[in-house]
Peer 1: 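Below you'll find the structure I mean.
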Amino acid sequence: MARTSIIAGNWKMHKTVLEAVELINALVDSTERVEGVEIVVCPPFTALYPASQALAGEHIKLGAQNLFWEEKGAWTSQIAPGMLKDIGCKYVIIGHSETRGRFGTVDAELEKVLSYFSEADETINRKVKAAFRAGITPIVCCGELLEERKGGKTDDVVRGQIEADLAGMSSEQAASLVIAYEPVWAIGTGEVCDAPEANRVCGVIRETVREMFGSHAAESVRVQYGGSVKPDNSRELLHQPEIDGALVGGASLKADDFTAIVKSAL
Ligand code: 13P
């Protein structure tokens with residue numbers, strides 16, 4: 001089954017409202033004639049609404065970087081799935097390593113703080129289900145730390161994350177999902193994972209989906225690679241058979257770079 005490649009920009013904590021709208025307007029123009037690739041931008045919460053207005057009727061889709069699993073209530077600071085749906089979000093990133101709190105090494109004091117505020121597979125699983133309830137497609141992130149890779153644990157770590165994060169979903173939901181394989185050591189480091197190795201791990205992810213949800217889900221689910229994707233390495237990554245797109249951080253903040261990555265998927 002041919003899967004449509006999906007290139008998403010995770011803007012992280014970058015861009016004011018004005019900057020966000022400028023970047024979106026530039027991307028709308030520069031990718032106007034691109035067909036056969038789904039394009040998504042995920043601005044910070046403060047820019048989502050103006051971004052959705054700038055994208056009204058355009059071919060680029062809107063995503064958020066997180067949500068909370070409850071529908072409403074006394075949850076100071078949190079954003080409900082229905083609020084994202086209300087302003088036109090089609091996608092939401094869930095379980096990014098920067099929110100899992102397992103990003104690189106941290107000192108003991110910070111580790112304690114992270115363990116209070118960071119999420120785990122259990123919270124990610126709740127968020128995935130909540131996104132589906134609201135009609136938003138999750139982009140579920142997984143990936144190993146450098147120590148885990150060096151210890152030969154990559155496949156076990158990624159399998160374990162997928163099994164826990166997707167537990168209890170229907171096979172139709174699994175089929176429509178996007179999963180991003182983001183090795184933590186490759187994020188923001190300029191050290192991209194080799195394309196054949198990224199392809200291999202994306203294949204492990206697809207096999208895990210097959211074991212959990214069957215062949216239809218495995219052949220339909222889209223698996224992205226993320227971690228130091230740039231215009232000069234994206235073509236090789238995006239033409240691997242198991243890789244169905246990219247989740248791009250730093251290079252999604254510049255219209256020229258993100259456009260070049262989108263076009264390299266063709
Ligand atoms: P970089 O592309 O900056 O390495 O970030 C990847 C990422 O974390 C996307 O979610």
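Every number for a ligand or one of its atoms is a count from 1 in the order of the listing.
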Peer 1: Are any of the side-chain nitrogens in Glu147 or Lys150 under 4.0 Å away from the carboxylate oxygens of its partner?
Peer 2: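 Salt bridge: no.
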Peer 1: For Glu19, does the CD atom have more than 12 heavy-atom neighbours from other residues, nucleotides or ligands under 6.0 Å away?
Peer 2: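 Yes, CD of Glu19 has more than 12 neighbouring heavy atoms, counting only those of other groups under 6.0 Å.
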Peer 1: Please report the interatomic distance CG(Leu247) to OH(Tyr91), rounded to the nearest 0.5 Å.
Peer 2: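 The OH atom of Tyr91 is 12.5 Å from CG of Leu247, to the nearest 0.5 Å.
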Peer 1: Under 3.5 Å between some N or O of ligand 1 and some N or O of Lys230?
Peer 2: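 By distance alone, the answer is no.
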Peer 1: I'd like to check the side-chain hydrogen bond (donor to acceptor under 3.5 Å, both in side chains) partners of Ser171; sequence neighbours left out, ordered by chain and number.
Peer 2: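 Partners of Ser171 under the side-chain hydrogen bond (donor to acceptor under 3.5 Å, both in side chains) test: none.
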Peer 1: Heavy-atom count check: over 12 atoms from other residues, nucleotides or ligands less than 6.0 Å from Tyr49 OH?
Peer 2: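 No, not enclosed.
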Peer 1: So which protein heavy atom does atom 2 (O) of ligand 1 come closest to, and at what separation?
Peer 2: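 Of every protein heavy atom, Gly249 N, 2.9 Å lies nearest to atom 2 (O) of ligand 1.
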Peer 1: Enumerate the atoms of ligand 1 whose separation from the nearest heavy atom of Ala186 is less than 4.0 angstrom.
Peer 2: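 In order of number, 4 (O).
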Peer 1: Please report whether ligand 1 has a polar contact with Gly188, defined as an N or O pair separated by less than 3.5 Å (distance criterion only).
Peer 2: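 For ligand 1, there is an N or O atom that lies under 3.5 Å from one belonging to Gly188.
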Peer 1: Determine whether the side chain, the backbone, both or neither of Ser252 has a heavy atom under 4.0 Å from any heavy atom of ligand 1.
Peer 2: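 Under 4.0 Å from ligand 1, Ser252 contributes no heavy atoms.
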Peer 1: For atom 3 (O) of ligand 1, what's the nearest protein heavy atom and its distance?
Peer 2: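 Result: Gly250 N, 2.8 Å.
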Peer 1: Gly227 heavy atoms, cut-off 4.0 Å: which ligand 1 atoms fall inside?
Peer 2: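 Result: 4 (O), 6 (C).
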Peer 1: Should Arg3 and Glu219 count as an ion pair when the cut-off is N to O under 4.0 Å?
Peer 2: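 Looking at Arg3 and Glu219, the cut-off is met.
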Peer 1: Ignoring angles and geometry beyond distance, decide whether Leu247 reaches within less than 3.5 Å of ligand 1 through its nitrogen or oxygen atoms.
Peer 2: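 In fact, backbone or side chain, Leu247 has no N or O that close.
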Peer 1: Do any nitrogen or oxygen atoms of Ser228 lie less than 3.5 angstrom from nitrogen or oxygen atoms of ligand 1?
Peer 2: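 Yes; at least one N/O pair falls below 3.5 Å.
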Peer 1: Knowing that exactly one of Glu182, Gln65, Glu119 qualifies, which makes a side-chain hydrogen bond (donor to acceptor under 3.5 Å, both in side chains) with His96?
Peer 2: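 Of all the options given, the one that passes is Glu182.
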Peer 1: Using a 4.0 Å heavy-atom threshold (strictly under), name the region of Ile187 that reaches ligand 1: side chain, backbone, both or neither.
Peer 2: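 Near ligand 1, Ile187 shows its backbone as well as its side chain.
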Peer 1: Go through the structure and list residues passing salt bridge (charged side-chain N to carboxylate O under 4.0 Å, His left out) with Lys61, not counting sequence neighbours.
Peer 2: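 Glu38.
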Peer 1: Write out the residue and atom name of the closest protein heavy atom to atom 7 (C) of ligand 1, then the distance separating them to 0.1 Å.
Peer 2: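 Ranking protein heavy atoms by distance from atom 7 (C) of ligand 1, first comes Glu182 OE2, 3.2 Å.
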Peer 1: Taking side-chain hydrogen bond (donor to acceptor under 3.5 Å, both in side chains) as the criterion, tell me which of Gln224, Glu144, Glu242 meets it with Tyr181.
Peer 2: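 So, applying the side-chain hydrogen bond (donor to acceptor under 3.5 Å, both in side chains) to Tyr181 and each of Gln224, Glu144, Glu242, only Glu144 qualifies.
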Peer 1: Looking only at distances, can you tell me whether any N or O atom of Lys12, backbone or side chain, sits closer than 3.5 Å to an N or O atom of ligand 1?
Peer 2: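 Indeed, backbone or side chain, Lys12 has an N or O that close.
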Peer 1: Which ligand 1 atoms, with their elements, are less than 4.0 angstrom from a heavy-atom of Asn10?
Peer 2: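 Going through ligand 1 atom by atom, the ones under 4.0 Å from Asn10 are 9 (C), 10 (O).
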